[in-house]
Amino acid sequence: MQQLDTDILILGSGGAGLFAALHAHKAAPQLSITVAVKGLLGKCGCTRMVQGGYNVALAKEDSVERHFMDTIEGGKWLPDQELAWKLVTLAVERIRELENELGCFFDRNPDGTVHQKAFAGQTFDRTVHKGDLTGIEIINRLAEQVWSREIARLEEHRAVELIKSRDGGLAGVLFIDMRTGEYVLVRAKAVLLATGGGPTMYRYHTPSGDKSCDGLAMALRAGLALRDMEMVQFHPTGLLAGTHTRMTGTVLEEGLRGSGGFLLNGKKERFMPAYDPKAERATRDFVSRAMFTEIRKGNVTPHGGLYISMGHLGAERVRREFKGMVERCADCGFDLAAGLVEVVPTAHYMMGGVEFAADCSTALRGLFVAGEDSGGVHGANRLGGNGVANSTVFGAVAGDTMASWVQKHGRFADPSRAEVEAAIARCEVPLRAAKGDIEAMREKLYETMWERVGIIRDANGLSLALSELGALDRELDGTGIGSGTRAFNLSWHDWLNLKSLVAVSRVITIAALAREDSRGAHYREDFSDTGPLERSAFTSIRNDGEVTMKPVAFTRVRPGQSLLKPAASYAN
Ligand SMILES: Cc1cc2nc3c(=O)[nH]c(=O)nc-3n(C[C@H](O)[C@H](O)[C@H](O)COP(=O)(O)OP(=O)(O)OC[C@H]3O[C@@H](n4cnc5c(N)ncnc54)[C@H](O)[C@@H]3O)c2cc1C
């Protein structure tokens, strides 16, 4: 087994991982830094897929207080207020850094100021963007900057276990080099978990295929607590183009509904006004719930979803204003401008993740976390535009913290051989067991999570899901992939993906059972009330399934209060 040493090891090359690498390098250029990633640096993860943009309070009429209040109210009073405050204040610095130091070009107004567009759930137009391909601009510039520095890369290296030392701190990480299938053990003084969560256990989902909750599964096995895991955000309009294409599940942007698009059921009747006075313009959670209810009633399209209809706005206008979306639909045989397009709610984002402090440290000495692997910034709902702000803001914080922490406290420790051997034994299971049907197991997982732990939940469905997930995990342990070949064996990685997804699905389900109310993204048919906001508490869960309800500390503002002066509040 190959063994390497690096002062700082970063897992993942999204906005969080790349910002961490650049900041750590700037703060302490003498330290060795390695970015290890399951895909190719700059080409994988969800930051690259960001369409709409980046929330930041830049305009004179806007303020960080207003952005903060939108984040807290959007998160239904569950966000950690210190983390949310850090998000909104440091987003201003990060966007300046992206433009002025790292070379991003964002869209501008005729007067030269940065253009900021409207996004749902916000009281001010504060979303900075580059057309509707903002993530490509950000990741391309970050990747170029990383390539131009002495930052080592381990590409197509899949992290499989956080390995501790005898004193209980983190000693390093075990990887599989996907190109050869060999194990690689990297010792590090500090490790950043930035593998980006990603709810790909649902039948319909938006995140990139390289994301399978590996980081969260590793954190659970390392004994860390995850918070808010029941909070999975669904985007209402995922494209539904059949099972033969990976385009199914991808997002058709929110602006379609915002600009007046209609949702129709299988009988081609508009249904949203019967569910919500704001109809199609209601927030993501309400619209997704109404759509799911309509689907359950059986009022569905040929592929089992619903339609979005834009034609009444004028085909020319739709072609002009939604060029990218029109082309995406045309690729799948749909005419968005004049016809009907099949859509379905799609799992988009996990608000939950590893509990962490505002400096990105965790309860495990030497382990830091940032981006979608972390929990607590968004509470029960993430505002569109706050995702990439989160990963870049906390990625940078993590880079700064790790650089100074390593210089003060960092040391190489001996990785526990027993832990390495146990992790390898776990990974070897599918290479030894008799061949089984991995595809069928993935379908089963999709079915369980979509039907019982999805948009509408209740105790019976969640309990059933828990036993189905247990059975699936046992079945996986007895299932092989039918080939001992290690080099680029994607069936092997599929098996490992499923193993992580089942582990994280289990904690989502248990947390959803524990939260006996309905809030933001979490809706229980058997507990439809939100409950008193003053007594807001978040779920904290560990690998043994034990859930603790922890009270939210209202460190800056209490429910019913606002940081905004009354005259200025919600003018927009
Ligand atoms: C289609 C789409 C559109 C979006 N649009 C917006 C938007 O407009 N605005 C917004 O704010 N947010 C948006 N988001 C959310 C946003 O993309 C994420 O919140 C954010 O980019 C996550 O950043 P991250 O660095 O945590 O993870 P990612 O950017 O997803 O990076 C994760 C990295 O970890 C790597 N990795 C995974 N597992 C392993 C492993 N086992 N070992 C090693 N490496 C691993 C991956 O390969 C990847 O490099 C969108 C998401 C999607 C899917």
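Just follow the structure's listing: the first ligand is 1, and inside any ligand the first atom is 1.
Closest non-hydrogen pair, V453 versus Y202, comes out as O-OH, 2.8 Å.
Between F394 and F356, the ring centre distance stays below 6.0 Å.
Ion pairing of D400 with K26 is absent here, as no side-chain N (NZ or NE/NH1/NH2) approaches a carboxylate O to less than 4.0 Å.
Applying the side-chain hydrogen bond (donor to acceptor under 3.5 Å, both in side chains) test to residues at least two apart or on different chains, none of the pairs has a partner in residues 238-251.
For a heavy-atom separation below 4.0 Å, the residues in contact with ligand 1 are G12, S13, G14, G15, A16, A36, V37, K38, G39, C44, G45, C46, T47, M49, V50, Q51, G52, G53, H157, R158, A159, A194, T195, G196, T206, P207, D210, K211, D214, H348, Y349, G371, E372, R382, G385, N386, G387, V388, S391.
Legend: residues meeting salt bridge (charged side-chain N to carboxylate O under 4.0 Å, His left out) with D177, ordered by chain and number and at least two apart, are R179. Annotation: ring-ring contact (aromatic ring centres under 6.0 Å, His included) contacts of H348 (sequence neighbours excluded): H235.
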